Q: 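Take this structure first; my questions come after.
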Amino acid sequence: MTDMVSVKLKRLPHSEGLPLPAYATQGAAGMDVLAAEDVTIDPGARHAVATGLAMAIPAGYEIQVRPRSGLALKHGITVPNTPGTIDSDYRGELKVILINHGAEPFAIARGDRVAQLVLAPVTQARWCEVDELDETDRGAGGFGSTGGHAALV
Ligand SMILES: O=c1ccn([C@H]2C[C@H](O)[C@@H](COP(=O)(O)OP(=O)(O)OP(=O)(O)O)O2)c(=O)[nH]1
Ligand SMILES: [Mg+2]
């Protein structure tokens with residue numbers, strides 16, 4: 001059985017009558033979240049889609065707003081800031097930022113499932129400033145330093 005965490009949720013007037021975000025299957029990582037407005041996103045354009053939902057995520061957690069692969073593959077619709085971060089102290093409306101990388105205008109109807117929400121634990125870091133860092137094999141190498149594409153044989 002998956003752990004469950006209660007999250008306080010408040011409906012704003014424009015989400016009235018819409019189902020709440022829900023897991024499509026028992027083992028789903030994300031809850032599909034619905035648009036609370038009709039909007040068409042032109043090719044290359046972005047829009048912050050209203051969900052009509054506000055929430056109080058418990059301290060120590062965040063909600064990540066992730067794209068749906070079907071929309072990305074079939075229509076080029078994705079979340080440009082993925083994973084979008086919903087902070088535990090945010091009390092405004094959750095919006096889903098979408099961008100249309102496809103060639104056609106993409107029409108969203110109120111009630112369409114536009115993204116998915118993943119509740120995730122958060123660990124905050126405390127800086128510990130030092131003069132020297134320990135040495136490692138990698139050192140300052142990065143950005144492809146270990147090799148790029150698989151070698152041809
Ligand atoms: O996809 C998203 C991303 C963010 N938010 C809301 C909740 C989040 O807690 C707040 C701030 O998000 P973020 O920190 O990513 O944006 P910012 O540009 O850093 O704005 P701020 O200065 O308000 O933190 O905006 C959304 O509704 N949808
Ligand atoms: Mg911020």
Side-chain angles (χ1 to χ4, degrees), residues 1-131 133 136 138 140-145:
M1 176 69 184
T2 310
D3 284 349
M4 288 255 169
V5 172
S6 295
V7 179
K8 286 184 182 148
L9 177 122
K10 181 181 169 188
R11 276 181 187 277
L12 305 175
H14 49 291
S15 71
E16 204 172 308
L18 288 178
L20 294 180
Y23 298 103
T25 62
Q26 206 181 2
M31 305 172 113
D32 291 330
V33 62
L34 288 67
E37 62 174 330
D38 296 322
V39 62
T40 296
I41 307 177
D42 287 329
R46 306 181 288 276
H47 184 75
V49 180
T51 66
L53 302 173
M55 53 201 67
I57 301 165
Y61 292 88
E62 62 162 334
I63 283 181
Q64 300 177 355
V65 183
R66 301 193 194 171
R68 295 187 69 205
S69 62
L71 293 179
L73 182 63
K74 292 178 201 154
H75 303 286
I77 295 291
T78 189
V79 174
N81 57 321
T82 188
T85 304
I86 310 301
D87 299 291
S88 64
D89 54 357
Y90 179 66
R91 299 292 177 269
E93 178 176 9
L94 189 157
K95 294 198 175 182
V96 174
I97 304 170
L98 293 179
I99 186 166
N100 183 354
H101 286 307
E104 305 294 331
F106 185 73
I108 294 166
R110 188 172 182 273
D112 285 351
R113 293 174 296 152
V114 290
Q116 53 189 322
L117 307 180
V118 174
L119 180 75
V122 167
T123 305
Q124 287 187 335
R126 183 190 306 116
W127 295 118
C128 176
E129 206 171 337
V130 296
D131 291 328
L133 300 173
T136 67
R138 173 179 285 278
F143 315 103
S145 67

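Excluded from the calculations below are hydrogen atoms, water molecules and symmetry mates; all remaining heavy atoms, backbone and side chain alike, are included. If you're wondering where the values come from, they're calculated on a predicted model, not measured in any experiment. In each ligand, atom 1 is the first atom listed, and ligand 1 is the first ligand listed.
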Q: Heavy-atom contacts with E93 under 4.0 Å: which atoms of ligand 1 show up? List them by number with element.
A: 27 (O)

Q: Find out whether P58 and V7 are in side-chain contact, i.e. whether some heavy atom of one side chain is under 4.5 Å from a heavy atom of the other.
A: yes

Q: Is any side-chain heavy atom of E37 closer than 4.5 Å to a side-chain heavy atom of V49?
A: yes

Q: Given side chains that start at C-beta, do those of V33 and V96 come closer than 4.5 Å, heavy atoms only?
A: yes

Q: In the complex you have, is atom 16 (O) of ligand 1 within reach of the protein, judged by whether a heavy-atom distance drops under 4.0 Å?
A: no

Q: Among protein heavy atoms, which sits nearest to atom 7 (C) of ligand 1, and what does the distance come to when rounded to 0.1 Å?
A: Y90 CD2, 3.3 Å

Q: Going by the atom numbers of ligand 1, which of them fall below 4.0 Å from some non-hydrogen atom of L94?
A: 27 (O)

Q: Would you confirm whether any non-hydrogen atom of the protein falls under 4.0 Å from atom 1 (O) of ligand 1?
A: yes

Q: Give me the residue, atom name and distance of the protein heavy atom closest to atom 28 (N) of ligand 1.
A: K95 O, 2.7 Å

Q: Might you point out which heavy atoms bring L18 and A36 nearest each other, and give the distance in Å?
A: CD1-CA, 3.8 Å

Q: Ignoring hydrogens and geometry beyond distance, is a side-chain donor-acceptor pair present between E93 and H14 at under 3.5 Å?
A: yes

Q: Measuring from atom CD1 of I57 to atom CG of L94, what distance do you get when rounded to the nearest 0.5 angstrom?
A: 7.5 Å

Q: What protein heavy atom sits nearest atom 26 (C) of ligand 1, and how far away is it?
A: I86 CD1, 3.3 Å

Q: Write out the residue and atom name of the closest protein heavy atom to atom 9 (O) of ligand 1, then the distance separating them to 0.1 Å.
A: D87 OD2, 2.6 Å

Q: Using a 4.0 Å heavy-atom cut-off, which part of N81 comes near ligand 1: side chain, backbone, both, or neither?
A: side chain

Q: Out of I63, L98, T85, V79, indicate the one that has the non-hydrogen atom closest to atom 8 (C) of ligand 1.
A: T85

Q: If you compare all heavy atoms of L34 against all heavy atoms of G111, which two are closest, and at what distance to 0.1 Å?
A: CD2-O, 3.3 Å

